[in-house]
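Notes follow once the structure below has been shown.
Labels below follow one simple rule: chain letters A, B, ... track the order of the sequence lines, proteins then strands, and each chain is numbered from 1. Fair warning: this is a prediction, and the values are worked out from it, not measured in the lab.
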Amino acid sequence: MRYWLMKSEPDVFSLADLKARPGQREPWDGVRNYQARNFMRDAMQKGDTVLFYHSNTNPPGIVGLAEVASDPYPDPTAFDKKSKYYDAKSDPENPRWILVDVRYCETFSRMVTLEAMKAMPALAEMRVLQRGNRLSITPVTAAEFKAINKAGLA
DNA sequence: GCCAACGTTGGC
DNA sequence: GCCAACGTTGGC
């Protein structure tokens, strides 16, 4: 069982949107960064816990939990010419972009803001808090998850 | 809207 | 394979 942080702009796709989806489940499409793709393709497993982070909003932070709900498979938006995520260089015979489905788990009773995270000693080494980090998917340690989950349910 | 940080692209 | 130019991310 592993833990992950996944960023989404709530204007585009929020945790509430995930909750409202049929089956409370959605493909995490549109990732076009190789490191983030590699995490989904190579390291995620069904049942892994996802900290759902809202970026580009005020305040940014973690709003709740989801889980990995599928094995990795090719991102269909890469082959859809009408999608803004269309990538002409992704060959259907050898797909460049891989995703997993995520499923809604719960909404924190209290959002754990970026500011609060920066103030938590347990998160001093957390990847998403390191300077210059822009990765939309990052691994989270069990200790980091525990600290955030506790703050979110407080 | 600004801009620092970072990833990708493509000419050479 | 270098690196300048460009595009994107995301906090503020």
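Taking only side-chain atoms of A:Leu114, from C-beta outward, the nucleotide of C:dG11, C:dG10, B:dT9 with the closest atom is C:dG11. Closest contact between the side chain of A:Tyr34 and the listed nucleotides C:dG10, B:dT8, B:dA5 involves B:dT8. The side chain of A:Arg134 lies closest to C:dT9, out of C:dT9, B:dG10, C:dG11.
As judged by a 4.0 angstrom heavy-atom cut-off over every strand, A:Glu9 is placed among residues making no nucleic acid contact. Using a 4.0 Å heavy-atom criterion, one finds that A:Arg32 contacts no nucleic acid atom at all.
The distance from atom CZ of A:Arg131 to atom C1' of C:dG11 is 14 Å, rounded to the nearest whole Å. Atom-to-atom, CE of A:Met117 to C1' of C:dG10 comes out at 14 Å; the value is rounded to the nearest Å. As rounded to whole Å, 10 Å separates atom C1' of B:dT8 from atom CZ of A:Arg96. For A:Gln130 and C:dT9, the CD to C1' distance is 17 Å, given to the nearest whole Å. Nucleotide C:dT8 holds its P atom 12 Å from the OH atom of A:Tyr85, rounded to whole Å. Between the P atom of B:dG7 and the CD1 atom of A:Ile137 lies a distance of 15 Å, rounded to the nearest Å. For A:Asp87 and C:dG7, the CG to P distance is 16 Å, given to the nearest whole Å. The nearest whole Å value for the distance from the CD atom in A:Gln35 to the C1' atom in C:dT9 is 14 Å.
Under 4.0 angstrom from either OP1 or OP2 of C:dT9 there lies no side-chain N or O belonging to A:Tyr53. Put simply, A:Lys89 has no side-chain N or O that comes within less than 4.0 Å of OP1 or OP2 on B:dT8. A sub-4.0 Å separation between OP1 or OP2 of C:dT9 and a side-chain N or O of A:Lys7 is absent.
Put simply, CE on A:Met40 and CH2 on A:Trp97 are 9.5 Å apart, with the number rounded to the nearest 0.5 Å. Separation of atoms CZ (A:Phe145) and CG (A:Leu65) is listed at 5.0 Å; rounding is to 0.5 Å. Here A:Arg2 contributes atom CZ and A:Gln45 contributes atom CD; the two are 6.0 Å apart, rounded to the nearest 0.5 Å.
Remark on DNA chain B: of its neighbouring residues A:Asn56 and A:Asn133, the 5'-side contact belongs to A:Asn56, judged by nearest-heavy-atom nucleotide.
One N or O on the side chain of A:Asp75 and one on the backbone of A:Gly30 form a donor-acceptor pair closer than 3.5 Å. Judged purely by atom type and a 3.5 angstrom limit, A:Tyr104 uses its side chain to pair as donor or acceptor with the backbone of A:Thr107.
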